[in-house]
Amino acid sequence: MCGRTRCTLRSDDVPRACHRSDTPTRALHMDRYRPAYNVSPGSNMPVVRREDASDNGGYVLHCMKWGLIPSFTKKTEKPDHYKMFNARSESIDEKASFRRLLPKSRCLVAVEGFYEWKKDCSKKQPYYIHFKDGRPLVFAALYDSWQNSEGETLYTFTIVTTSSSSALQWLHDRMPVILGSKESTDTWLSSSGSSFKSVMKPYEESDLVWYPVTPAMGKSSFDGPECIKQIQVKGNTSISMFFSKKGAERKDTKSEQKLSCNESVKTEPTEDLIEGAKTDEVDNDLKFSGSSHSKNASMLPIKREYETFSADSKPALACHDQISSTPAKKKEKTKSADDKQPTLFSFFGKK
């Protein structure tokens with residue numbers, strides 16, 4: 001985490017997304033950049049870094065490979081971009097690979113969104129996380145340069161991560177450090193002191209939303225708009241999409257119920273489902289407004305999926321109780337004692 005992103009921005013949109021449009025910015029190696037919907041470590045991505053150690057030297061739009069290769073790596077060693085594509089903010093100033101980069105090698109990565117997988121039983125379902133209004137997300141990152149045995153210099157970067165926000169804890173326990181304002185990007189790029197540590201925290205604003213996408217994008221070779229196309233998910237994973245962050249603030253006094261793979265899902269949402277599904281916008285900007293589960297479910301356009309969820313939640317009848325639930329047959333079962341139908345006693349009496 002974070003191991004997959006979408007970066008289809010144009011080159012000239014990246015500095016603007018990082019709030020650097022009003023400062024001089026030069027481009028470096030941007031001919032290597034290839035926009036993609038399914039970007040994985042080892043791919044070339046544009047980052048914004050300082051021109052030099054000062055805050056007044058301008059900025060560079062630099063295409064680098066995702067997945068840090070420390071400069072002290074042996075020249076003969078084959079680079080592995082999957083070893084350090086993330087850096088944990090909690091230990092960033094303890095590990096030699098990252099600690100020495102903090103003073104002068106902080107940078108920004110702009111993307112439209114990122115992917116994360118939710119494990120349900122034996123399957124993993126990917127979700128696409130992005131801003132509700134479609135603006136790019138800006139991640140805090142560190143970069144380094146390494147020279148191989150042939151004398152070629154390779155620039156690489158790693159995305160800084162933190163603990164997950166309260167709205168995304170149901171999905172994963174980690175998330176990228178998202179810099180949601182110009183002030184936070186200025187702080188991260190600033191060369192002054194240790195003020196950058198103040199922005200290494202979960203992004204708790206309600207404009208971050210998500211939805212399930214095709215599992216096919218788990219393959220790095222799968223690319224295109226299909227990667228971010230919303231799909232419908234059956235079962236208890238999709239129930240997390242039915243509630244907004246503000247609408248789910250009520251606290252359930254019942255004990256938290258955990259559902260196993262073989263257990264039936266109850267029609268009343270448990271607290272872990274409600275708390276795990278907090279967000280302001282879901283799918284087509286649906287809002288959860290209120291008081292009862294059934295009332296709000298009827299307001300959702302995904303009627304078929306909700307009915308499937310409800311149908312699966314009904315307890316199975318025992319074999320001797322398998323009777324029809326139609327009103328006509330139920331009425332027959334409640335006839336009075338004055339009915340003239342023969343009973344079992346009268347049948348054996350005739351014998």
Side-chain angles (χ1 to χ4, degrees), residues 1-7 18 36-49 62-73 77-119 124 126-130 136-146 154-165 167-180 184-185 188-189 196-204 208 210 217-220 227:
M1 174 68 189
C2 150
R4 292 292 179 86
T5 67
R6 171 197 172 188
C7 187
C18 296
Y37 285 86
N38 192 3
V39 183
S40 57
S43 303
N44 289 300
M45 293 179 64
V47 306
V48 173
R49 63 174 177 84
H62 195 163
C63 188
M64 303 182 185
K65 279 189 177 293
W66 182 13
L68 192 77
I69 305 298
S71 58
F72 54 75
T73 303
E77 188 173 338
K78 184 178 180 180
D80 184 355
H81 297 286
Y82 280 86
K83 280 186 177 180
M84 297 183 187
F85 61 85
N86 283 167
R88 294 177 65 94
S89 60
E90 296 86 349
S91 58
I92 201 171
D93 55 356
E94 299 173 3
K95 296 186 177 181
S97 299
F98 308 134
R99 182 179 61 245
R100 59 193 178 80
L101 303 177
L102 287 172
K104 300 180 181 179
S105 298
R106 299 191 298 273
C107 61
L108 306 173
V109 179
V111 300
E112 284 104 328
F114 65 99
Y115 305 90
E116 191 51 68
W117 278 257
K118 172 67 175 177
K119 187 174 181 180
K124 288 186 177 181
Y127 285 78
Y128 178 59
I129 301 104
H130 62 103
L137 287 79
V138 180
F139 297 157
L142 299 172
Y143 72 94
D144 202 353
S145 61
W146 168 73
L154 180 66
Y155 283 87
T156 60
F157 70 92
T158 181
I159 294 174
V160 180
T161 66
T162 184
S163 57
S164 186
S165 66
L168 281 173
Q169 287 176 355
W170 66 274
L171 180 58
H172 202 278
D173 60 351
R174 305 290 296 175
M175 70 184 301
V177 171
I178 300 174
L179 307 175
S184 59
T185 57
W188 182 251
L189 291 179
F196 65 88
K197 293 183 179 180
S198 64
V199 301
M200 292 192 297
K201 57 185 179 181
Y203 186 83
E204 295 286 358
L208 196 65
W210 56 86
M217 60 80 50
K219 293 184 178 180
S220 57
C227 291

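Residue indices begin at 1 and follow the sequence shown. Predicted model, so just to flag it, every value in this text is computed and none were measured.
Looking at Lys124, its side chain never comes within 3.5 Å of a backbone N or O of Lys119 through a donor-acceptor pair. In this structure a side-chain-to-backbone donor-acceptor pair under 3.5 Å is present from Asn38 to Lys219. For the pair Ser97 (side chain) and Pro70 (backbone), a donor-acceptor distance under 3.5 Å is absent. With hydrogens and angles disregarded, a donor-acceptor distance shorter than 3.5 Å links the side chain of Thr158 to the backbone of Phe85. Proximity of a side-chain donor or acceptor of Asn44 to a complementary backbone N or O of Cys63 within less than 3.5 Å is not detected. The closest donor-acceptor contact from the side chain of Trp66 to the backbone of Thr156 lies at 3.5 Å or more, if one exists at all. Judged purely by atom type and a 3.5 angstrom limit, His81 uses its side chain to pair as donor or acceptor with the backbone of Gly67.
Here the shortest heavy-atom pairing between Pro79 and Ile69 reads CB-CD1, 3.6 Å. Pro46 and Cys7 get closest at one heavy-atom pair: CD-SG, 4.1 Å. When every heavy atom of Trp146 is checked against every heavy atom of Thr73, the shortest pair comes out as NE1-O, 2.9 Å.
Aromatic rings of Phe196 and Trp188 (six-membered ring for Trp) have centroids within the 6.0 Å cut-off, being under it.
Using cut-offs of 30° and 60° on the angle between ring planes, the pair Tyr155 and Tyr143 is tilted. Using cut-offs of 30° and 60° for the angle between ring planes, the Tyr128 and His130 rings count as parallel.
By the 4.5 Å heavy-atom criterion applied to side chains, Tyr115 and Thr5 are not counted as neighbours. Taking 4.5 Å as the limit, every side-chain heavy atom of Met175 sits out of range of all side-chain heavy atoms of Cys2.
Screening Arg100, Arg49, Arg99, Lys104 for a salt bridge (charged side-chain N to carboxylate O under 4.0 Å, His left out) with Asp144, the sole residue that qualifies is Arg100. Applying the side chain to side chain contact (heavy atoms under 4.5 Å, CB included) test between Glu116 and each of His172, Arg174, Arg4 identifies His172 as the sole match.
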